[in-house]
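See structure below.
Just so you know, residue 1 is the first one in the sequence shown, and it goes up from there. As the structure is a prediction and not an experimental result, all values here were calculated from the model.
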Amino acid sequence: MYAITGITGKVGGALARALLADRQPVRAVVRDIEKGRFWESQGCEIARAEMQDPASLTAAFTGTDGVFILPPSEFDPAPEFPEARAVIAAVKAALESARPNQVVCLSTIGAQSTKSNLLTQRTLMEQALGELPTPITFLRPGWFMENAEWDVASARDQGMIASFLQPLDKPVPMVATADIGQIASELIQQNWTGKRVVELEGPKRISPQEIGTSFAKILGHAVRVEAVPRETWQALFESQGMLHPLPRMQMLDGFNEGWIDFEGGQASTIKGTIELQTVLQELVDRAG
């Protein structure tokens with residue numbers, strides 16, 4: 001039995017589909033039972049748990065061959081990341097109590113960085129869970145190709161996308177969520193000891209300009225890419241409702257300046273198979 005947190009999201013869902021395709025039993029760990037009904041219809045066992053509640057997580061993780069930890073994303077964290085720390089404490093306590101055979105935890109590219117930024121939430125998770133005696137794999141994917149979902153409307157309606165990734169011709173490690181789910185499925189079914197880090201990116205690195213070019217091919221009209229000036233970021237993010245934009249700004253700086261990258265370098269990463277064009281076509285089709 002494999003327990004999956006975050007199963008209602010893109011990565012967790014992709015992992016569940018891959019495990020089910022391999023005829024593996026899956027326990028869907030959800031906050032809302034109703035949101036888990038789809039997975040119940042697919043043959044999954046359902047367990048209700050809150051990611052900050054060690055008791056419910058312990059029950060969800062008990063009796064499993066493996067657990068997949070997908071921490072909830074906090075895009076506007078308070079200083080010192082209290083939201084992430086609460087989840088980390090609960091997950092660690094639950095894993096200590098439930099003692100699953102092994103764990104795969106979704107981390108991120110750049111989790112090894114010592115510079116504070118939005119992704120530090122995953123650094124803290126790695127540090128805490130790495131103390132457990134349970135065999136654990138930290139899966140560090142690159143920038144999600146699906147982040148381009150935010151650009152579909154402007155590319156379609158205005159022939160423009162705004163990029164915080166800069167310079168516009170700089171290739172960035174990106175990966176499709178379906179590739180993440182597939183690799184996570186392979187990893188969680190393996191046997192290993194101790195702690196290991198697996199870094200994952202797509203078939204090739206992608207620049208913002210290439211995203212614009214790919215959108216243009218799909219939409220049938222030109223799509224220009226405009227860099228959002230760094231000096232405007234804070235006011236822009238605050239106008240969008242963010243209370244603490246600095247961690248997000250620091251993360252973008254990390255990608256742009258190069259200090260958020262894979263610890264083992266490009267040569268050591270696992271390469272996915274799904275191309276950007278495939279992901280963007282799906283996003284455009286879904287948007288209608």
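Rounded to the nearest 0.5 Å, atoms CG (Leu246) and CG (Leu118) are 10.5 Å apart. Here the OG-CD distance, from Ser214 to Gln281, works out to 10.5 Å after rounding to the nearest 0.5 Å. Taking CD from Glu238 and CH2 from Trp233, the interatomic distance works out to 14.5 Å, rounded to the nearest 0.5 Å. The distance from atom OG1 of Thr108 to atom CD1 of Ile260, rounded to the nearest 0.5 Å, is 7.0 Å. Atoms CZ and CD, on Arg286 and Glu282 in that order, are 6.5 Å from each other to the nearest 0.5 Å. Here Ile4 contributes atom CD1 and Arg27 contributes atom CZ; the two are 11.5 Å apart, rounded to the nearest 0.5 Å.
Ile180 and Met174 are assigned to two separate hydrophobic clusters, defined by single-linkage of ILVMFWY side chains at heavy-atom distances under 4.5 Å. A single hydrophobic cluster is seen to contain both Ile211 and Leu252, as judged by linkage of ILVMFWY side chains at heavy-atom distances under 4.5 Å, directly or through other members. A continuous path of Ile, Leu, Val, Met, Phe, Trp and Tyr side chains, each step under 4.5 Å between heavy atoms, connects Val172 with Ile161, placing both in one hydrophobic cluster. Hydrophobic clustering (side-chain heavy atoms under 4.5 Å, transitive across Ile, Leu, Val, Met, Phe, Trp, Tyr) groups Leu106 together with Trp39. Using a 4.5 Å cut-off between side-chain heavy atoms of Ile, Leu, Val, Met, Phe, Trp and Tyr, with links allowed through other members, Met160 and Leu219 fall into different hydrophobic clusters.
Legend: residues meeting salt bridge (charged side-chain N to carboxylate O under 4.0 Å, His left out) with Asp261, ordered by chain and number and at least two apart, are Arg205. By the ring-ring contact (aromatic ring centres under 6.0 Å, His included) test, Phe255 pairs with Trp143, sequence neighbours left out. Taking the side-chain contact (heavy atoms from CB on, under 4.5 Å) definition, one finds that Thr8 meets it with Val30, Lys35, sequence neighbours left out. By the side-chain contact (heavy atoms from CB on, under 4.5 Å) test, Glu231 pairs with Pro229, sequence neighbours left out. Partners of Ser97 according to the side-chain contact (heavy atoms from CB on, under 4.5 Å) rule, which considers only residues two or more places apart in sequence or in another chain, are Thr58.
Between the Glu146 side chain and the Ala176 main chain, no donor and acceptor come within less than 3.5 Å of each other. Judged purely by atom type and a 3.5 angstrom limit, Asn101 has no side-chain atom pairing as donor or acceptor with the backbone of Asn191. Looking only at distances, no side-chain donor or acceptor of Asp22 sits under 3.5 Å from a matching main-chain atom of Gln24. For Asn117 (side chain) and Pro247 (main-chain N/O), no donor-acceptor pair under 3.5 Å exists by modelled atom type. At least one donor-acceptor pair closer than 3.5 Å links the side chain of Ser56 to the backbone N or O of Asp53. A donor-acceptor contact shorter than 3.5 Å is absent between the side chain of Arg156 and the backbone of Val284.
The shortest side-chain heavy-atom distance between Thr5 and Phe61 falls under the 4.5 Å cut-off. Using a 4.5 Å heavy-atom cutoff, the side chains of Ile88 and Val91 are not in contact. Taking 4.5 Å as the limit, every side-chain heavy atom of Ser41 sits out of range of all side-chain heavy atoms of Arg37. Using a 4.5 Å heavy-atom cutoff, the side chains of Lys92 and Glu131 are in contact. Counting only heavy atoms from C-beta outward, the side chains of Val152 and Phe215 approach each other to under 4.5 Å. Contact check for Tyr2 versus Asp65: side-chain heavy atoms found under the 4.5 Å cut-off.
In this structure, Lys195 places its NZ atom where only 12 or fewer heavy-atom neighbours from other residues, nucleotides or ligands lie under 6.0 Å away. When the shell of 6.0 Å around CZ of Arg85 is examined, it contains more than 12 heavy atoms from other residues, nucleotides or ligands. Heavy atoms from other residues, nucleotides or ligands lying under 6.0 Å from CH2 of Trp150 number 12 at most.
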**Pair Thr213-Gln209, side chain to side chain donor-acceptor pair (under 3.5 Å): steps then yes or no** = CA-CA 6 Å; Thr213 299; Gln209 290 285 19; 5.7 Å; no
Test log, rule side-chain contact (heavy atoms from CB on, under 4.5 Å), inputs Val104 and Leu15:
CA-CA 11 Å; Val104 173; Leu15 167 58; over 6 Å; no
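The closest side-chain donor-acceptor pair between Gln127 and Thr123, if any, does not fall under 3.5 angstrom. A side-chain donor from one of Glu186 and Gln182 sits under 3.5 Å from a side-chain acceptor of the other. There is a side-chain donor-acceptor pair under 3.5 Å between Ser207 and Glu210. The closest side-chain donor-acceptor pair between Thr269 and Glu199, if any, does not fall under 3.5 angstrom.
Heavy atoms only, all atoms of each residue included: Cys105 and Met125 are closest at SG-CG, 3.7 Å.
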Please table the atom pairs, donor to acceptor, closer than 3.5 Å between any side-chain atom in residues 66-83 and protein atoms at least two apart or in another chain.
| residue | atom | partner | partner atom | Å |
| --- | --- | --- | --- | --- |
| Glu74 | OE2 | Asp76 | N | 3.3 |
| Asp76 | OD1 | Leu243 | N | 3.4 |
| Asp76 | OD1 | His244 | N | 2.8 |
| Asp76 | OD2 | Leu243 | N | 2.7 |
| Glu83 | OE1 | Ala78 | N | 3.4 |
| Glu83 | OE2 | Ala78 | N | 3.2 |

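Comment: Lys10 engages Glu149 in a salt bridge, judged by a side-chain N to carboxylate O separation of less than 4.0 angstrom.
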